[in-house]
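When a residue number appears, it is its place in the shown sequence, counting from 1.
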Amino acid sequence: MLHHNTLYEIETNTNTGVEYEIALFYKLISNNSDEQSQVKKAIRKRLDSDKVEEIMRYTNTSKILTALRERGLTLKDASFETQNDEVGPADVVLFAEDKAGKTHRIGLSIKFANTCTLDVTGRKFITDEQIKVLKEKYITKYIPEFKVYMKATYGHAENWHRKQHPITERMIDEIRDAVILNWPKVKNKVELMKNLFHDTSPIEFWVVNYSRTDYALKTKPSTIDMSRANDVVVKKYQTSYVAFYVDDVRVGRMQVKFNNGFVESNFNHKGLRKKQTSDFIVDGLEFIYGQPFGSWNFSVED
């Protein structure tokens, strides 16, 4: 089914991975040739239309249809819900009918080569006071170290874009220390775990995880026994993750990260200023501080 804004969303949405959501939605509405034709026209208006059509070519809905049949359900329709938070983590919603004629909604959370279930603010895990201290250290210690390293390694600031440096990892490590230190004091762990694992999703959902040639379907998304939420332990994992454990079994991991890099140019891709006044200038180029507390990626373990 097409909502009033579905075609516009398909034409204009540029969120990461949305091309997979669009491709699967197109294939799932094959029983409605008129709507599918309208979606195809919207796809062809996208700048990445070739990529979407390539994904469509190797997207076979048989795995989903088989899973529905095993539940005694038949697919009747689907809706594109990538901007609709009211259906939980679902990007596409299936409308399936049972033998008694009752309609069931099942969401599809669609991903490309990842198990990320939620972008979560760092403020769920560290206090305002910890953030204040970390921000001060970021500005007074790590920004100067960053400038020295980048200048010595890459020269003029115009060469710094997307260049790697070790300063990010050191800052992230301090943030991870703060998360681990504060974890015993975090309140409402049951609600937090329910949120991370989508345990309170208003509808059932399955996970579709695309590779470059196919997709895997999981009809029982990973979760934990919420009565054990207060038993969850957190530890460092790899270079940027905080991992969550129950009885020494890793059940999830959260990537602590800067949203758009350790520092950002003060100009967007259209040449417009992000902030009226930059945070610092190097070699005549304007920079603003990065955002390390706004959005961390939580992923479940398979």
Side-chain angles (χ1 to χ4, degrees), residues 1-32 34-56 59 61 64 75-96 103-121 123-124 194-210 215 217-218 221 254-255 257 259-260 268-270 272 274 291 294-300:
M1 66 178 64
L2 301 182
H3 299 313
H4 74 279
N5 60 339
T6 297
L7 296 177
Y8 176 77
E9 285 184 1
I10 289 172
E11 289 178 25
T12 62
N13 192 302
T14 58
N15 289 351
T16 301
V18 72
E19 61 269 28
Y20 297 92
E21 302 166 18
I22 294 169
L24 183 54
F25 173 65
Y26 173 84
K27 297 300 287 284
L28 287 168
I29 59 171
S30 61
N31 62 343
N32 190 323
D34 178 59
E35 288 191 352
Q36 196 177 49
S37 176
Q38 293 181 62
V39 170
K40 189 67 169 289
K41 289 178 182 177
I43 290 170
R44 287 178 172 164
K45 293 179 182 179
R46 294 180 56 87
L47 294 177
D48 62 352
S49 60
D50 288 346
K51 182 176 182 181
V52 177
E53 295 197 23
E54 177 189 356
I55 298 166
M56 285 157 47
T59 294
T61 60
I64 294 169
L75 180 66
K76 293 299 181 181
D77 208 343
S79 61
F80 189 68
E81 306 286 356
T82 189
Q83 301 283 57
N84 183 7
D85 293 336
E86 294 182 1
V87 291
D91 303 300
V92 170
V93 171
L94 307 175
F95 293 81
T103 298
H104 300 256
R105 292 192 304 161
I106 299 175
L108 298 179
S109 178
I110 303 166
K111 308 174 186 303
F112 171 67
N114 74 79
T115 56
C116 179
T117 59
L118 187 70
D119 291 333
V120 59
T121 173
R123 294 181 185 277
K124 296 283 187 180
K194 284 183 176 181
N195 191 30
L196 293 177
F197 286 93
H198 289 297
D199 193 69
T200 57
S201 175
I203 64 172
E204 177 186 357
F205 71 96
W206 297 347
V207 177
V208 174
N209 200 337
Y210 268 91
Y215 67 84
L217 177 67
K218 180 182 284 190
M254 178 173 67
Q255 185 181 28
K257 64 182 181 66
N259 281 2
N260 296 302
N268 63 22
H269 66 284
K270 295 181 179 179
L272 301 176
K274 298 175 184 177
Q291 302 296 322
S295 180
W296 298 346
N297 293 340
F298 178 82
S299 299
V300 299

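In this structure the side chain of M56 reaches within 4.5 angstrom of the side chain of K40, judged on heavy atoms. Counting heavy atoms from C-beta outward, R105 and E204 have side chains that stay 4.5 Å or more apart. Here the side chains of K257 and N259 are in contact, with some heavy-atom distance below 4.5 Å. At least one side-chain heavy atom of Q38 sits less than 4.5 Å from a side-chain heavy atom of D34. For the pair D77/I29, a side-chain contact is recorded, criterion being any heavy-atom separation below 4.5 Å from C-beta on. Looking only at side-chain heavy atoms (C-beta outward), F197 and V300 come within less than 4.5 Å of each other. Side-chain contact between I106 and F95 is absent, with no heavy atoms from C-beta onward closer than 4.5 Å.
Partners of Y215 by ring-ring contact (aromatic ring centres under 6.0 Å, His included), not counting sequence neighbours, listed by chain and number: Y210.
Under a 3.5 Å cut-off, the side chain of D48 and the backbone N or O of K51 do not form any donor-acceptor pair. Looking only at distances, a side-chain donor or acceptor of Q36 sits under 3.5 Å from a matching main-chain atom of Y26.
Defined by atom type and a distance below 3.5 Å, a donor-acceptor pair is present between the side-chain atoms of E81 and H3.
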message: Set out, in order, the CA-CA distance, both residues' side-chain angles and the distance that settles side chain to side chain contact (heavy atoms under 4.5 Å, CB included) for W296 and D119, then state yes or no.
response: CA-CA 5 Å; W296 298 346; D119 291 333; over 6 Å; no
message: Run the side chain to side chain contact (heavy atoms under 4.5 Å, CB included) test on F25 and V39 for me, step by step, so that the C-alpha distance in whole Å, both residues' side-chain angles and the decisive distance to 0.1 Å come before the verdict.
response: CA-CA 9 Å; F25 173 65; V39 170; 3.9 Å; yes
task: Check the pair L118, N195 against side chain to side chain contact (heavy atoms under 4.5 Å, CB included), reporting the backbone distance first and the verdict last.
output: CA-CA 8 Å; L118 187 70; N195 191 30; 3.8 Å; yes
message: Show, in sequence, the C-alpha distance, side-chain angles and deciding distance for K76 and T103, and conclude whether the side chain to side chain contact (heavy atoms under 4.5 Å, CB included) test is met.
response: CA-CA 9 Å; K76 293 299 181 181; T103 298; over 6 Å; no
I'd like a table of donor-acceptor pairs (distance under 3.5 Å, sequence neighbours excluded) in which one partner is a side-chain atom from residues 7-14, with atom names and distances.
residue: E9; atom: OE2; partner: N5; partner atom: ND2; Å: 3.0
residue: T12; atom: OG1; partner: Y8; partner atom: O; Å: 2.8
residue: N13; atom: OD1; partner: N15; partner atom: N; Å: 2.8

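Counting non-hydrogen atoms of other residues, nucleotides and ligands closer than 6.0 Å to CG of L272 gives a total above 12.
Closest of all the heavy-atom pairs between I43 and S49 is O-CB, 3.1 Å.
Just one residue in the list N209, D91, I110 forms a side chain to side chain contact (heavy atoms under 4.5 Å, CB included) with Y20, and that residue is I110.
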